[in-house]
Amino acid sequence: MAVRAFIVTKPRRNTGFVAFGTLDVVLIHWPDDGAKVEALRAAGVPRLFLVEGGVPPPRMVDELEDWIRVPADEVDLHARVETLDRRAHASDPAPPVLDEDDVLWLNSRWVALAPIEASITRALIDRYGRVVGREALHRAAWPEGSVRRNVLDVHVLRLRRRVEPLGVTVRTVRGRGYLIERT
């Protein structure tokens, strides 16, 4: 599972963007960025502390925290971030399931989807609880070519109305795309 790490500090060793994927994991330089930690903890954001040599690591308070001494090997950094991703999603409720007949199931309830809605839903479920960019949804629904921007918006609106009775929501993440989650 890939994740994207957001850096909250000025550039230094091991602070360049590391292409991780889609979960928001904040890399915190310890102890320089200690003031930001409480707000991130309160928000439930996964945190990876980059601990400078010779400085004792912070006390870990929950499963959404880990630390690594810098400079760190990129493979080790990826492993720590992926572990935080698994921990962050361990308690997530099961996502809805889209079967081969384009029927969306949540527990014992279901709704049949139109082919375009099913293509959009499949892309959203593949990255359940995470943002899927508009371009990725366009490619999923219309692989042979592009359509006007508002066509996707119309289909997402229809999809929202169709899945709402199941307890599923398609949310807009302004400027980034959409995500699907249980309500």
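These numbers come from a predicted model, not from an experiment.
Side chain of E164 to main chain of R160: no donor-acceptor pair is present (N/O by atom type, distance under 3.5 Å, no hydrogens or angles). With hydrogens and angles ignored, the 3.5 Å screen pairs no side-chain donor or acceptor of R80 with any backbone N or O of L84. Listed for the D99 side chain is a donor-acceptor partner under 3.5 Å among the backbone atoms of D101. Between the E117 side chain and the A114 main chain, a donor and an acceptor come within less than 3.5 Å of each other.
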- Task: Please test T83 against R86 for side-chain hydrogen bond (donor to acceptor under 3.5 Å, both in side chains), starting from the C-alpha separation and ending with a verdict.
- Result: CA-CA 5 Å; T83 297; R86 283 192 301 276; 3.2 Å; yes
- Query: Given the rule in the side-chain contact (heavy atoms from CB on, under 4.5 Å) test, do E38 and R41 qualify, once you have shown the distances and angles that lead to the verdict?
  - Reply: CA-CA 5 Å; E38 287 309 315; R41 285 175 175 162; 2.9 Å; yes
- Task: Apply the test side-chain hydrogen bond (donor to acceptor under 3.5 Å, both in side chains) to residues R162 and T121: give CA-CA distance (whole Å), side-chain angles for both, the deciding distance (0.1 Å), then the verdict.
- Result: CA-CA 11 Å; R162 189 157 311 207; T121 302; over 6 Å; no
- Task: Show the numbers, then the answer: is there a side-chain contact (heavy atoms from CB on, under 4.5 Å) between L159 and I120?
- Result: CA-CA 9 Å; L159 178 61; I120 293 168; 3.9 Å; yes
- Message: I'd like to know whether D62 forms a salt bridge (charged side-chain N to carboxylate O under 4.0 Å, His left out) with R87, so could you lay out the CA-CA distance, the side-chain angles of the two residues, the decisive distance to 0.1 Å, and finally the verdict.
- Response: CA-CA 10 Å; D62 63 35; R87 290 177 188 167; over 6 Å; no
- Message: Using the rule given for side-chain contact (heavy atoms from CB on, under 4.5 Å), can you reason through I180 versus T169, listing the C-alpha separation, both sets of side-chain angles and the distance that settles it, and then say yes or no?
- Response: CA-CA 6 Å; I180 193 167; T169 302; over 6 Å; no
- For V81 and L48, run side-chain contact (heavy atoms from CB on, under 4.5 Å): C-alpha distance rounded to whole Å, both residues' side-chain angles, the deciding distance at 0.1 Å, then the answer. CA-CA 7 Å; V81 172; L48 180 61; 3.8 Å; yes
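Following chains of ILVMFWY side-chain contacts shorter than 4.5 Å, one can reach Y128 starting from L124, so the two form part of one hydrophobic cluster. There is a path of hydrophobic side-chain contacts, each under 4.5 Å, that joins V151 to L113. When hydrophobic clusters are built by joining Ile, Leu, Val, Met, Phe, Trp and Tyr residues whose side-chain heavy atoms come closer than 4.5 Å, directly or via intermediates, I28 is grouped together with V45. Note: the hydrophobic cluster containing M60 also contains L40 (ILVMFWY, side chain heavy atoms under 4.5 Å, direct or indirect links). Hydrophobic clustering (side-chain heavy atoms under 4.5 Å, transitive across Ile, Leu, Val, Met, Phe, Trp, Tyr) groups L98 together with L106.
Side-chain atoms of V51 and V70, non-hydrogen and from C-beta on, never get closer than 4.5 Å to each other. You'll find the side chain of Y178 stays beyond 4.5 Å of the side chain of V173, heavy atoms only. For the pair V170/L179, no side-chain contact is recorded, criterion being any heavy-atom separation below 4.5 Å from C-beta on. Using a 4.5 Å heavy-atom threshold, the side chains of L166 and W105 count as separate.
Looking at every heavy atom in both residues, A141 comes nearest to I116 through O-CD1, 3.5 Å. Nearest heavy atoms, P96 versus V168: CG-CG2, 4.0 Å. Here the closest heavy-atom approach between residue L64 and residue G44 is recorded as CD1-O, 3.4 Å.
Here D66 does not pair with R47 in a salt bridge; the nearest charged N to carboxylate O distance is not below 4.0 Å. The pair D153-R148 fails the salt-bridge criterion, with no side-chain N (NZ, NE, NH1 or NH2) lying under 4.0 Å from an Asp/Glu carboxylate O. The residues R130 and D85 are annotated as salt-bridged, a charged nitrogen and a carboxylate oxygen being separated by less than 4.0 angstrom. Between R69 and E52 there is no salt bridge, since no side-chain N of the basic residue sits under 4.0 Å from a carboxylate O of the acidic one.
Once rounded to the nearest 0.5 Å, the distance linking NE2 of H155 with OG of S119 reads 10.0 Å. To the nearest 0.5 angstrom, L27 atom CG is 10.0 Å from I68 atom CD1.
Relative ring orientation between F49 and W30 is described as perpendicular, the plane-to-plane angle rising above 60° on a 0-90° scale split at 30° and 60°.
For W67, the CH2 atom sits in a packed shell: over 12 heavy atoms of surrounding residues, nucleotides or ligands are nearer than 6.0 Å.
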